[in-house]
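Notes for the one structure printed next.
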There are 2 protein chains.
Amino acid sequence: MPRRQDHTQEELRQLAIDSVSRHLRSAPASQLSLRMVARDIGYSPGTLINLFGSYSLLLLAVNACTLDCIRDQLLQAMDNSRRADAGVIAELEAAAAAYFHYAQENPHAWRLVFELHLDAETPLPAWQSGRISALFSLLEARLLKLKPRATAADCASAARVIWSGVHGICTLLLDNKLFLSDGADARQLIRSLLTHYLTDWCRHTQPPASDQ
Amino acid sequence: MPRRQDHTQEELRQLAIDSVSRHLRSAPASQLSLRMVARDIGYSPGTLINLFGSYSLLLLAVNACTLDCIRDQLLQAMDNSRRADAGVIAELEAAAAAYFHYAQENPHAWRLVFELHLDAETPLPAWQSGRISALFSLLEARLLKLKPRATAADCASAARVIWSGVHGICTLLLDNKLFLSDGADARQLIRSLLTHYLTDWCRHTQPPASDQ
DNA sequence: TCTCTTTTTGAACGGTGTTCAATATAATGC
DNA sequence: GCATTATATTGAACACCGTTCAAAAAGAGA
């Protein structure tokens with residue numbers, strides 16, 4: 001069949017990614033298929049495979065966009081909080097709240113980031129893991145500001161602990177697996193986590209053995 | 001075709017569940033299918049659908065077993081720790097370590113518990129959500145012992161915060177999304193979480209506003 | 001104009017979960 | 001012991017799925 005001039009390869013990539021993103025606004029990825037995306041943008045399944053390599057890699061490209069979007073939201077939330085000058089913990093709380101807000105407003109896109117698994121120990125491509133560790137770096141910088149005498153490893157540990165916690169709360173809450181009693185919501189859990197953890201974390205000028 | 005007398009329905013259920021569990025010891029659920037299970041136990045796909053209702057519900061039955069197994073592991077770990085008399089926090093640490101250990105040793109079964117989603121807001125059956133909230137109850141009991149003046153809601157909150165944290169650490173670590181620097185492992189992150197969080201949580205005889 | 005290269009395709013392959021009429025057995029009533 | 005009913009089980013069919021690949025048509029270069 002003919003070579004079309006409708007779109008360049010770049011435009012086609014974006015077309016496919018947009019189609020998936022549009023779908024994820026209202027339905028989970030499990031209800032989407034390569035063939036549907038192809039139908040939606042008016043190309044054949046094979047074209048998309050040529051372009052991305054596989055259906056999974058198309059979804060991975062969508063995940064990259066999602067992570068970029070999450071990063072933007074976090075940065076914006078932290079910036080706003082910093083301008084209000086309510087302290088570093090408030091800034092981290094704002095970031096966590098933004099993270100939860102994104103997960104709640106875009107559950108299907110958010111889930112896909114963590115539920116997509118490439119086969120048989122193909123590790124994440126660097127451009128993808130880079131996006132995740134960039135998020136951790138944002139946190140580590142704030143933690144160092146909060147506790148200037150902390151070592152880099154100390155901050156790295158703490159960043160992973162608190163973000164795993166925030167992430168776990170978001171995950172389980174979206175899946176309705178927290179069985180929250182009325183009146184307690186995610187934002188309160190997040191604040192409880194950050195407040196209690198960081199209060200004690202800051203107390204020690206030298207990290208305890210468990211933070212090496 | 002004939003009604004067989006090879007197995008009763010109960011035996012058949014167990015046969016199917018065992019087949020899935022056996023598979024999950026070495027490969028993820030995404031590489032398994034209803035037809036494979038049927039082939040493995042020598043019945044037709046339709047028989048399994050008659051028995052469980054759908055493939056998803058078969059997997060859900062497997063998840064119930066997994067959760068029972070996790071509960072047993074947690075109870076055993078806490079019992080051992082209690083006999084060593086090292087305190088309530090150590091007991092909770094032992095439970096968290098057991099949780100992580102199970103996830104690490106049985107990653108595919110563990111993942112399936114949280115990655116299986118039933119369609120279109122069919123909520124989890126009660127016998128399933130009951131198993132999860134029973135796990136929370138274990139924690140709440142220990143937290144009340146740790147801080148006798150805490151309210152039930154206070155303990156419920158704290159249990160959810162720390163277990164979301166432990167769960168998040170397990171999830172992200174299994175997915176290689178934590179990018180731990182050398183020398184820091186999951187057990188240290190878990191201990192850091194529990195120590196710092198609970199130390200400050202216990203400080204307040206009245207819970208702060210964020211713990212309501 | 002005639003190649004050569006590149007993009008795109010439709011058809012095919014081997015899989016998937018699920019439905020359902022047909023069926024052979026077991027249980028029941030006589 | 002026989003006829004009937006009820007039930008467990010099936011294979012074939014359905015509508016999908018991701019992926020492969022030879023064929024073909026359009027553009028680029030000579």
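Here is the naming used below: chain letters follow the sequence lines, and residue numbers restart at 1 for every chain. Because the structure is a prediction, the values reported are computed rather than measured.
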Any salt bridge linking Lys145(A) with Glu140(A)? Criterion: basic side-chain nitrogen under 4.0 Å from a carboxylate oxygen. no
Any luck finding a side-chain donor-acceptor pair between His108(B) and Gln31(B) under 3.5 Å? no
Please verify the inter-ring angle class for Tyr99(B) with His167(B); under 30° counts as parallel, over 60° as perpendicular, anything in between as tilted. tilted
Taking only side-chain nitrogens and oxygens of Ser44(B), does any of them come within less than 4.0 Å of OP1 or OP2 of dT9(D)? no
In whole Å, what is the span from the CZ atom of Phe52(B) to the P atom of dG17(C)? 14 Å
For Leu12(A) and dT7(C), what is the distance between atoms CG and P respectively, to the nearest whole Å? 11 Å
Pull out every residue in residues 13-32 of chain B that has a heavy atom closer than 4.0 Å to any atom of DNA chain D, ordered by number, or say none. none
Enumerate the protein-to-nucleotides 18-21 of chain C contacts in which both atoms are nitrogen or oxygen and the separation is below 3.5 Å.
unit_1: dT18(C); atom_1: OP2; unit_2: Tyr55(B); atom_2: N; d: 2.8

Strictly under 6.0 Å, is that where the ring centroids of His196(A) and Trp201(A) end up? no
Length of the CG-P vector between Leu51(B) and dG17(C), whole Å: 16 Å
Taking the six-membered ring for Trp, are His101(A) and Trp110(A) ring centroids under 6.0 Å apart? no
Just N and O in the side chain of Thr47(A): are any of them under 4.0 Å from OP1 or OP2 of dT8(C)? no
Do Leu139(A) and Leu74(A) pass the side-chain contact (heavy atoms from CB on, under 4.5 Å) test, and can you show the C-alpha distance, the side-chain angles, and the key distance before you say yes or no? CA-CA 10 Å; Leu139(A) 305 175; Leu74(A) 293 203; 5.6 Å; no
From the set dT9(D), dG18(D), dT7(C), return the single nucleotide nearest to any side-chain atom of Gln9(A). dT7(C)
Polar contact flag, side-chain donor to acceptor under 3.5 angstrom, Tyr197(B)-Ser192(A): yes
Within this structure, what is the NE2-to-P distance between His7(A) and dT8(C), rounded to whole angstrom? 10 Å
Whole angstroms only, please: what is the CG-C1' distance between Leu60(A) and dG18(D)? 17 Å
Salt bridge flag under 4.0 Å for residues Glu105(B) and Arg25(B): no
Separation of atom CG in Leu48(B) from atom C1' in dT10(D), rounded to whole Å: 12 Å
So that I can tick it off, tell me whether Asp175(A) and Arg111(A) are bridged by a salt bridge, with the cut-off set at under 4.0 angstrom between side-chain N and carboxylate O. yes
In this structure, how many angstroms lie between the P atom of dG14(C) and the CZ atom of Arg39(B), rounded? 14 Å
